Every structure is written in C-alpha cells, then in structure tokens.
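The sequence lines fix the lettering, A, B, ..., with proteins before strands; numbering per chain opens at 1. What's counted below: heavy atoms across the whole structure, side chains too, no hydrogens, waters or symmetry copies. What you see is a predicted model, and the numbers here were worked out from it, not measured in a lab.
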Amino acid sequence: MTTPYSFDHNAYAASLRAAYAHLTDGEESGTTVSVAGRVMLLRTQGKLAFATMRDSTGEIQLFALAALCDEFDEFVKLHLGDWVGVTGEVVRTKRGELSVKVKSWVLLAAALHNFGDKWAGISDFDLRYRHREADLWANPVSRQSLTRRSEMLRSVRERCWAANFMEVETPILNAIATGAAARPFKTFHHALDSELFLRIAPELWLKRLVVGGYERVFELGRVFRNEGLSPRHNPEFTMLELYAAYWDYEDMMSFVEELVSGVAQDVLGTTETEYQGRAFSFAAPWPRRTMASLASEAVGEAVSVHTPREHLAKLLAERDVEVHASWGAGRCLAELFEVTCEENLWEPIFVTEYPVEVSPLARRHRDDPELTERFESYAAGRELSNGFSELNDPVDQRARFDEQARLAAAGDDEAMQIDEDYIKALEWGLPPTAGLGVGMDRLAMLIADEPSIREVIAFPTLKPLRD
RNA sequence: GCGCCGGUAGCUCAAUUGGCAGAGCAUUUGACUCUUAAUCAACAGGUUCCGGGUUCAAGUCCCGGCCGGCGCACCA
C-alpha cells in the first residue's frame, strides 16, 4: 500500500482541548483542522464510527459519519495502532466528547502488530524493555517517565548555563580508566594497536580543562562500569560532572541543593512530592552532617577516623561485615556509616568529612589531615551526588595514587589507577576548585517516581537473546 | 556470579490432587446513526520458553538450558 510522504497538520489533541473547551454538547465550531496520530480505540456503530486517536500531546476523538466521511467503509476497517492523518470540523458530540468530525483522512502507516491489551496494556518486562516503542504507546506512564527524564536534563543544562558553566566533552575511549573505583569495559583500537577502556568517569579530564583556564565546566555524559545490574544500576548511565574554580566543597553543596531542588521545581512544578508512596521533599537547604556524627549516633558511641582501627573492625564484625586486612580506620568508618546509616537517609542530606583513605582525589580537610573536604548527598536511602574540594597538590596526589597501587597489589581490583598525565597537569597548577558528580538516572528515578533505573532509561541494558 | 520467584493464544490472565489447554481483549465475518474498554452474534487462533526424564497420562513432578523480576555480592 502506498502511504503519503508527508502530512500537513495544524492541531494537536491538547491544543484542541484547550481552544475548544467552551463548545457545548452537540455544538459545531465551524472550524476545520488537521490532526495526526495513532488510532488507539475504535467503536463502530453502523453508519457512524468513533475512534480515539492519540498524538504526542494526548487523545482526541475522531467522529466519522458515513454520509460525510470519505471512504467510510475503509475508515471502519482501521486497526488499533494505525497512524492516520485526519481533516475535519471540530465539534462536541451529543454525549459531550470533543471530536474532529472526519471529512477526509489518510492512512499514514499501518501497525502490523497490536499494542497490547487495550485496557491492561503491556506488563511483561521483557517485552516492554526489548520493544520500548510498543511500551510507550501501550503505557502512558512509561512515556511520562522518559519525558520527565528529558525535561530534567534540559533543566540541568539550563541551570548550569545560567550559572556560567560551559558544557564540554571529554574522551570516552581512554588508555586507562580512572577517576572512580570501578571495573571498566575493555575494547581495542586496531589502527593504534592499543587496548582502550570506556571511561568510568570524566573527572580527571575536566579538571585538566580547569588547569587550562576554563573556570566553570560541566559535562553531561554517559559513563560505563562493568558491574552487576540491579534496579539501581545499569552498566551505562548518565552522570553530570561539574567543576568550579575558586569554590570549595561548602560552595558546591549550596550549588547542588539549589540545582536539584530547582530541577524538581522546573519538571514537577513543586519540590514537595512523593517517592514510592512516601512523602519526599527536594526543598533546599539540606542538612549537613559529618559521617562520624551520623555513624556515632547509629552505633550509640562516639566513633571517628581517629577511633582505633581494631575497635571499628569489632563494631563492623558485630554487624556481620567482613573486614579486610587492608582496611584502615578510615575505610572501616566509611563501611560502618554505610551499613548503619545509608538506607535510613530519606530526605535529602549532605554527609560530609569523608576519610582520606576512601577519597583519593579529594583535598585534605583544613582542620584534620585524616579527613577530606568531601560530601555525598543521600536521598531515598541512596547516594545522589558526590563532591569535594579538589586535591590540587601534585605531591599529595602522587602519594594517594601510590596508596591506591598498594591496595591494588593487596587484591583490590577496583583501586584507582595512577594517571601520570594528570599529575603533570596538577604540576602546571590547578587553582582551588570544587567538583561535583550527580547520577542523572538516580535523580530521574526520584523525579519520575520510578522504582527501577530501567524505567528512566529508554533502552536499558538487557542480556542478548540466545538459542 | 549466587539464591528465590516467574515464563500458557498477538496482549492480559485462568487451568483443583498429574487426567480432554480455557476466558476477555485484539484479529476475521456479520448486525447496529452519539459511542467512551461501546454492545450483540459467529469464525479462527497453541512447539504451555527450549531440551531431556519419570508416568498409562505432564502446563502441572524431576534434571539441564534460555530470558525476565526481586534479593545478595559489586557499585553510583
């Protein structure tokens, strides 16, 4: 069948509903419009027919009378899911449904498969994720969640631009994967005869741009980590990383809470919402608490990075955490915080003053060299962002990398790799700078009120089908 | 990677203790001039995820595999 190469339409479901709300039952507007979309429902009744057509903005009824509709006999044979272009008068039926009274119409594309049960839609996860195009038509909630993700990214960009951050792009293919603790994906470049790794974070490149003189930069991009999948983890995910020269971590916390609450305001129109049935507020400011104070509260005694390592190890063992020989007091404190506090942090909160041992790229705290000026924000029991005053001392940075190498030798296969070029960059001088990373997928889950990261990724990673 | 649960018509789901594989919607055909998941009638639709096994008999029980969900581990 030949279908048209284009179709001129001048109205949408939502625009018609807004413009013709005043029509009374049975009233005809006298105005002819053209609309286009998919037939979602079809009700025929002898010499008349009603179709529910859905376009990108919503649904509008098509009302066809045999006496007035071209090729009426063909119109009633349309299939659910078929794309149609329709021209006709805007009317409200006797029963009160705003409609386009079909004069002429054209099949724009046929749907050879249906879009699931017209009441229940498609609920099979495998089908929904492998054929998201069908899911998007069958389940309006799916489309709304991905729309909210898009609106979130737009808002993030606009707010970063408004704060004078410049958007940049850095390499995804790298000779070493660094800037975070994670197993990378490996690939190979034939012409260079070199093994390359997909980036696990853009962090070091971005700081080199600050060394190069860009005061405020951000990158909104995909990173790749060769790790397990879960409702909160996809092997490729989108991260916002942002660096501001002359800021410290306190400045960055202020920026993050304004950014995130502002994005919620932009997308949802409010900062007061619900996540999975429980009240949740994005509103700034967010509380700032040190890791040591939260952990102390949870275990019922004062603990800190200065607590003897053996005592922290005992507290961990009491909580069934296996303590590795290579862990110092700092790592033990961080683990203790994670097992006792993390999942209970519902409303957004900043956890601050992370041990040096678990923060190889963060600058030492001005009041305590065993701590760093680092924060992570938590929301709904999960980490949402990570930031710190950046370590800009090349000598200390080399020492930190050396410590990572020691951990790697001790069997930690996620210890950070040393990056000589990065150290050389620091030797050219990184001004005092604060950096930030925010998991966009995690934020999208909160904003779209979705329980799984797969719901806010159009095509989540699935196991390829075999056999 | 490990554990638990699931996979039946295109879609959503039934099927008692192991005893003839079903319904609604969609599709096809017919009726119907204001429907709203329209309604009514009829036809058709199956490798019960795949491969073995036990049994007179397997959607159901056992073993192996595939895919998915959740949990653990890893991590953001």
Using a cut-off of 4.0 Å on non-hydrogen atoms, how would the nucleic acid contact of [X] be classed: base, sugar-phosphate, or nothing?
| X | result |
| --- | --- |
| A/Gly439 | nothing |
| A/Gly46 | base |
| A/Gly26 | nothing |
| A/Asn234 | base |
| A/Ser123 | sugar-phosphate |

Can you give one letter per nucleotide of nucleotides 67-72 of chain B, going 5' to 3': B for a protein heavy atom under 4.0 Å from the base, S for sugar-phosphate only, - for none?
-> SSSSS-
Distance check needed: [N] [atom2] versus [X] [atom1], whole Å only.
| X | N | atom1 | atom2 | answer |
| --- | --- | --- | --- | --- |
| A/His113 | B/rA9 | NE2 | C1' | 16 Å |
| A/Arg128 | B/rG7 | CZ | P | 18 Å |
| A/Glu376 | B/rA76 | CD | C1' | 9 Å |
| A/Trp119 | B/rG24 | CH2 | P | 18 Å |
| A/Leu41 | B/rC11 | CG | P | 19 Å |
| A/Glu322 | B/rC74 | CD | C1' | 14 Å |
| A/Arg183 | B/rG1 | CZ | P | 11 Å |

Report the residues that fulfil ring-ring contact (aromatic ring centres under 6.0 Å, His included) with A/Phe75, sequence neighbours left out, ordered by chain and then residue number.
->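 For A/Phe75, the residues satisfying ring-ring contact (aromatic ring centres under 6.0 Å, His included) (neighbours in sequence not counted) are A/Trp105.
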With sequence neighbours excluded, residues passing ring-ring contact (aromatic ring centres under 6.0 Å, His included) with A/Phe50 |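 Expected list: A/Phe63.
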Neighbour count >12 (heavy atoms, 6.0 Å) for atom CD, A/Glu169 |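 Result for CD/A/Glu169: open.
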Rounded [atom1] spacing from [N] to [M] in Å:
| N | M | atom1 | result |
| --- | --- | --- | --- |
| B/rC61 | B/rU54 | C1' | 8 Å |
| B/rG45 | B/rU60 | P | 24 Å |
| B/rG59 | B/rA9 | C1' | 14 Å |
| B/rU55 | B/rU17 | P | 23 Å |
| B/rA57 | B/rG68 | C1' | 32 Å |
| B/rG19 | B/rC62 | P | 15 Å |
| B/rC70 | B/rA26 | P | 31 Å |
| B/rG64 | B/rA15 | C1' | 27 Å |

Could you check which nucleotide pairs with [N] in any of the strands shown, counting Watson-Crick or G-U wobble with both distances under 3.5 Å?
| N | value |
| --- | --- |
| B/rC25 | B/rG10 |
| B/rG1 | B/rC72 |
| B/rC40 | B/rG30 |
| B/rG18 | none |
| B/rA58 | none |
| B/rU48 | none |

What donor-acceptor contacts under 3.5 angstrom involve side-chain atoms of residues 199-206 of chain A, with partners at least two apart or in another chain?
from, atom 1, to, atom 2, distance (Å)
A/Arg199, NE, A/Arg222, O, 2.8
A/Arg199, NH1, A/Thr170, O, 3.2
A/Arg199, NH1, A/Thr170, OG1, 3.3
A/Arg199, NH1, A/Glu219, OE2, 2.9
A/Arg199, NH2, A/Glu219, OE2, 3.4
A/Arg199, NH2, A/Arg222, O, 3.0
A/Glu203, OE2, A/Lys207, NZ, 2.9
A/Trp205, NE1, A/Asn174, OD1, 2.7

Atom of A/Gly116, atom of A/Ile122 and distance for their closest heavy-atom approach |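 Minimum heavy-atom contact is CA-CG1, 3.8 Å.
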Side chain to side chain contact (heavy atoms under 4.5 Å, CB included) against A/Val76, all qualifying residues, sequence neighbours excluded =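 With neighbours one apart ignored, the set is A/Thr44, A/Ala49, A/Phe72.
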Go through the structure and list residues passing side chain to side chain contact (heavy atoms under 4.5 Å, CB included) with A/Val263, not counting sequence neighbours.
->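 Applying side chain to side chain contact (heavy atoms under 4.5 Å, CB included) to A/Val263 gives A/Met152, A/Ser155, A/Val156, A/Arg159, A/Leu259, A/Val267, A/Ile447.
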Output the residues of residues 48-71 of chain A in contact with RNA chain B, where contact means a heavy atom of the residue under 4.0 Å from an atom of the strand; sort by number or write none.
->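 Within residues 48-71 of chain A, the residues near RNA chain B are A/Leu48, A/Phe50, A/Gln61, A/Phe63, A/Leu65.
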Salt bridge (charged side-chain N to carboxylate O under 4.0 Å, His left out) partners for A/Arg331, two or more places apart =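 In terms of salt bridge (charged side-chain N to carboxylate O under 4.0 Å, His left out), with neighbours along the sequence ignored, A/Arg331 is linked to A/Glu335.
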Please list, chain by chain and in numerical order, all residues satisfying salt bridge (charged side-chain N to carboxylate O under 4.0 Å, His left out) with A/Glu195, sequence neighbours excluded.
->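 Scan of A/Glu195 (salt bridge (charged side-chain N to carboxylate O under 4.0 Å, His left out), adjacent residues dropped) gives A/Lys186.
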Does [N] have OP1 or OP2 under 4.0 Å away from a side-chain N or O of [X]?
| X | N | result |
| --- | --- | --- |
| A/Ser99 | B/rU36 | no |
| A/Lys118 | B/rA26 | yes |
| A/Gln45 | B/rA38 | no |

Less than 4.0 angstrom from a charged side-chain N to a carboxylate O is my criterion; do [X] and [Y] meet it?
| X | Y | answer |
| --- | --- | --- |
| A/Glu383 | A/Arg232 | no |
| A/Glu376 | A/Arg382 | no |
| A/Glu353 | A/Arg288 | no |

Applying salt bridge (Lys or Arg N to Asp or Glu O under 4.0 Å), which residue pairs with at least one partner in residues 36-50 of chain A are found, sequence neighbours left out?
->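 Every candidate salt bridge (Lys or Arg N to Asp or Glu O under 4.0 Å) pair involving residues 36-50 of chain A fails, so no pair, neighbours aside, qualifies.
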Of the nucleotides B/rU12, B/rU36, B/rC74, which one has an atom closest to the side chain of A/Ala120?
->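 Nearest to the side-chain atoms of A/Ala120, counting from C-beta on, is B/rU12.
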Which side-chain N or O atoms in residues 96-104 of chain A pair as donor and acceptor under 3.5 Å with protein atoms at least two apart or in another chain?
from, atom 1, to, atom 2, distance (Å)
A/Ser99, OG, A/Gln61, NE2, 3.0
A/Ser99, OG, A/Glu97, O, 2.9
A/Lys101, NZ, A/Glu28, OE2, 2.7
A/Lys103, NZ, A/Asp70, OD1, 3.4

At a cut-off of 3.5 Å, list every protein nitrogen or oxygen paired with a nitrogen or oxygen from nucleotides 27-31 of chain B, distance to 0.1 Å.
from, atom 1, to, atom 2, distance (Å)
B/rU28, OP1, A/His79, NE2, 2.6

